Amino acid sequence: MERITVAQARREESVGKDAVISGWVRTRRDSKGGFSFLELNDGSCFGNVQVLAEASLANYESEIKKLTTGCSVRVEGSVLKSPAKGQATEVKATKVDVYGYADADSYPIQKKGATMEFLRTIAHLRPRTNTFGAVARVRNQVSRSIHDFFQEQGFLYIHTPIITASDCEGAGEMFKVTTLDLNNVPTAEGKVDYAADFFQKPAYLTVSGQLQGEIYACALGRIYTFGPTFRAENSNTSRHLAEFWMVEPEMAFFDLYDNMTLAEAFIKRIVSDVLNKCDEDVKFFAERIDKEVPARLDGFLKSEFLRVPYTEAISILEKSGQSFEYPVKWGIDLQSEHERFLTEKHFGKPTILYDYPRTLKPFYMRVNDDGKTVRAMDVLAPGVGEIIGGSQREERYDVLVDRMKECGLDPETYQFYLDLRKYGTVPHAGFGLGLERTLLFITGMGNIRDVIPFPRTPGNAEF
RNA sequence: UCCCCGAUAGCUCAAUGGUAGAGCGAGCGGCUGUUAACCGCUAGGUUCUAGGUUCGAGUCCUAGUCGGGGAGCCA
């Protein structure tokens with residue numbers, strides 16, 4: 001007998017088929033007539049398929065009547081047009097086999113609502129809920145769209161290293177990677193003797209694949225990386241993870257404006273794919289998680305992103321008459337209250353801020369002719385803040401060396417990076433997009449710990 | 001890391017310093033196709049932990065643990 005998914009069984013074309021469906025019981029409803037309805041889900045789609053189990057089945061009293069939320073079953077039967085409202089099809093069972101029961105006294109997932117905080121403590125069972133199933137499918141779709149978008153445009157997918165020995169960028173605290181016995185650390189001249197360590201020098205988990213990405217972009221043109229990234233910052237917020245996924249495209253012969261155009265097309269592609277391919281999941285997010293989701297995504301797709309220089313943004317803020325906790329002045333880093341005012345109140349649409357003061361940004365961003373600003377850009381979305389950060393890179397050897405020194409870095413340790421400018425240098429640009437932040441924006445979920453299967457945060461590496 | 005808030009049944013939440021309750025879930029019974037089904041009955045508790053105040057603490061105090069909201073840092 002043909003094996004089909006719940007998604008297939010729910011489609012009208014399947015009516016008339018005899019098939020096998022396997023999945024987990026979401027609910028059982030006993031009808032007045034002495035038979036039961038089972039709602040079955042197997043993850044293939046948001047919805048469940050309704051299984052009709054009649055009392056004439058051999059194990060009706062002994063097994064089927066004992067099924068509760070979480071039990072796993074195999075159903076043989078025929079797909080019929082459903083006579084009742086609520087679903088197009090249903091499966092009339094000719095045989096129901098139980099793979100495993102889920103003791104209802106202890107199984108923590110029930111039909112009615114549980115809090116996200118509680119579900120987080122049972123991360124091994126939470127993908128069986130509507131919410132986490134939907135998040136997983138949307139996360140999968142976004143990941144796929146990332147690859148589709150870049151592959152269609154001829155970008156190469158480059159695998160940059162997870163372990164790195166260059167303590168660079170100052171992009172937050174890094175996790176150390178070592179095989180040294182921490183209870184008995186070898187020392188030399190009173191300091192840790194890294195010569196005795198695996199890499200014979202300090203090594204870390206990557207905070208960005210950008211520098212390695214630039215190496216490949218400066219040879220092969222257009223590349224992207226997509227993988228896990230690690231930050232050892234002691235951040236306890238709904239927007240930070242110690243381990244998260246980041247997409248970083250890098251393009252030779254792109255200037256900052258090319259970069260903006262690409263970033264906008266990229267993020268719009270992701271959003272429109274989710275709307276087109278995860279409609280049931282999006283509908284659920286709109287109904288149960290965040291009512292604003294459809295309007296926000298729709299507005300996002302329809303509006304042209306604004307492009308506003310930092311200097312202009314500052315003067316808008318200064319003239320706004322708003323009182324901010326952090327006073328506005330040229331040269332300050334924009335706080336979330338400032339970004340929110342600009343995108344939500346003043347512009348009311350996604351906005352790309354660019355040309356930031358050089359003192360605020362890392363050494364690798366290209367210095368403008370004014371000498372005061374660099375070719376940086378942040379894409380700000382209403383409701384979520386920064387979702388993309390990028391820049392045109394400094395391609396002039398001497399300027400780059402000066403900037404390294406200015407940022408307190410030793411140019412000698414970045415010789416490989418300088419070589420890209422020494423030999424056949426090219427203008428190039430790139431950006432980074434945080435996968436989980438994008439998912440917050442798309443799903444309306446409130447906490448970043450709930451859009452990654454197994455969140456790692458300070459004090460938490462369970463499961 | 002800083003500020004604020006919270007922790008009571010499997011889950012979601014009540015309870016003026018004076019006998020710990022409800023809804024859902026579960027078990028049993030009822031109900032002629034149900035849709036988070038419905039109706040009745042039953043079982044279910046180390047009130048986060050350790051101290052303290054009090055005749056008496058879920059409630060007040062101190063410390064800790066865990067969680068949430070906000071901020072900083074950032075993606």
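Reminder, nothing fancy here: chain letters follow the sequence lines and each chain counts from 1. This one's a predicted model, so the numbers in the text were calculated from it and none came from an experiment.
Inspection of the Q8(A) and S14(A) side chains reveals no N or O donor paired with an N or O acceptor under 3.5 Å. Counted by atom type alone, T343(A) and E339(A) present zero donor-acceptor pairs between their side chains at under 3.5 Å. Residues R393(A) and S391(A) bring a donor and an acceptor atom of their side chains to less than 3.5 Å of each other.
Looking at heavy-atom distances under 4.0 Å, R340(A) makes contact with sugar-phosphate atoms alone, never a base. Among the protein residues, R26(A) comes within range of no part of the nucleic acid, since none of its heavy atoms lies under 4.0 Å from any strand. Within 4.0 Å of F441(A), counting heavy atoms only, lies no atom of the nucleic acid at all. The residue T69(A) sits apart from the nucleic acid: no heavy atom pair falls under 4.0 Å. If you check every strand for non-hydrogen atoms under 4.0 Å, L52(A) touches a base. Nucleic acid contact for I387(A): sugar-phosphate only, since backbone atoms but no base atoms lie under 4.0 Å from a heavy atom of the residue.
Classification of K361(A) and D378(A) as a salt-bridged pair holds, one side-chain N sitting under 4.0 Å from a carboxylate O. Salt-bridge annotation for R28(A) and E39(A): absent, with no side-chain N of the basic residue lying under 4.0 Å from a carboxylate O of the acidic one.
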Would you list the atom pairs, donor with acceptor, under 3.5 Å between side chains in residues 452-463 of chain A and any protein atom, with sequence neighbours excluded?
{"from": "R456(A)", "atom 1": "NH1", "to": "E462(A)", "atom 2": "O", "distance (Å)": "2.9"}
{"from": "R456(A)", "atom 1": "NH2", "to": "F463(A)", "atom 2": "O", "distance (Å)": "2.9"}
{"from": "N460(A)", "atom 1": "OD1", "to": "E462(A)", "atom 2": "N", "distance (Å)": "3.2"}

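Among the nucleotides C73(B), A26(B), U1(B), the one closest to any side-chain atom of A104(A) is A26(B). Taking every side-chain heavy atom of S336(A) into account, A71(B) is the closest of A71(B), C11(B), C73(B). Residue H240(A) has its side chain nearest to A75(B) when only G68(B), A75(B), A71(B) are considered. Of the candidates C73(B), U12(B), G68(B), the closest approach to any side-chain atom of F118(A) belongs to U12(B). Candidate nucleotides C73(B), A75(B), G69(B) were compared by shortest atom distance to the side chain of S238(A), and G69(B) ranks first.
Not less than 6.0 angstrom separates the ring centroid of F150(A) from the ring centroid of F226(A).
Atoms CD1 (I267(A)) and P (A75(B)) sit 15 Å apart, rounded to a whole Å. Rounded to whole angstrom, the span from the CD1 atom of I122(A) across to the P atom of U12(B) amounts to 10 Å.
Looking at residues two or more places apart in sequence or on another chain, you find no side chain to side chain donor-acceptor pair (under 3.5 Å) involving H124(A).
The aromatic ring of Y107(A) does not sit over the base of G10(B), since the test of centres under 5.5 Å and planes under 30° is not met.
Contact annotation: side chain of S235(A) to base of C73(B), donor-acceptor pair present below 3.5 Å.
The phosphate of U12(B) has OP1 or OP2 within less than 4.0 Å of a side-chain N or O from T115(A). Using a 4.0 Å cut-off, no side-chain N or O of Q335(A) falls inside it from OP1 or OP2 of A71(B). Distances shown here put a side-chain N or O of N447(A) below 4.0 Å from the OP1 or OP2 atom of G69(B).
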Per-nucleotide protein contact string for nucleotides 34-39 of chain B, where B marks a base within reach and S marks sugar-phosphate only (heavy atoms under 4.0 Å, - for neither): BBBB--

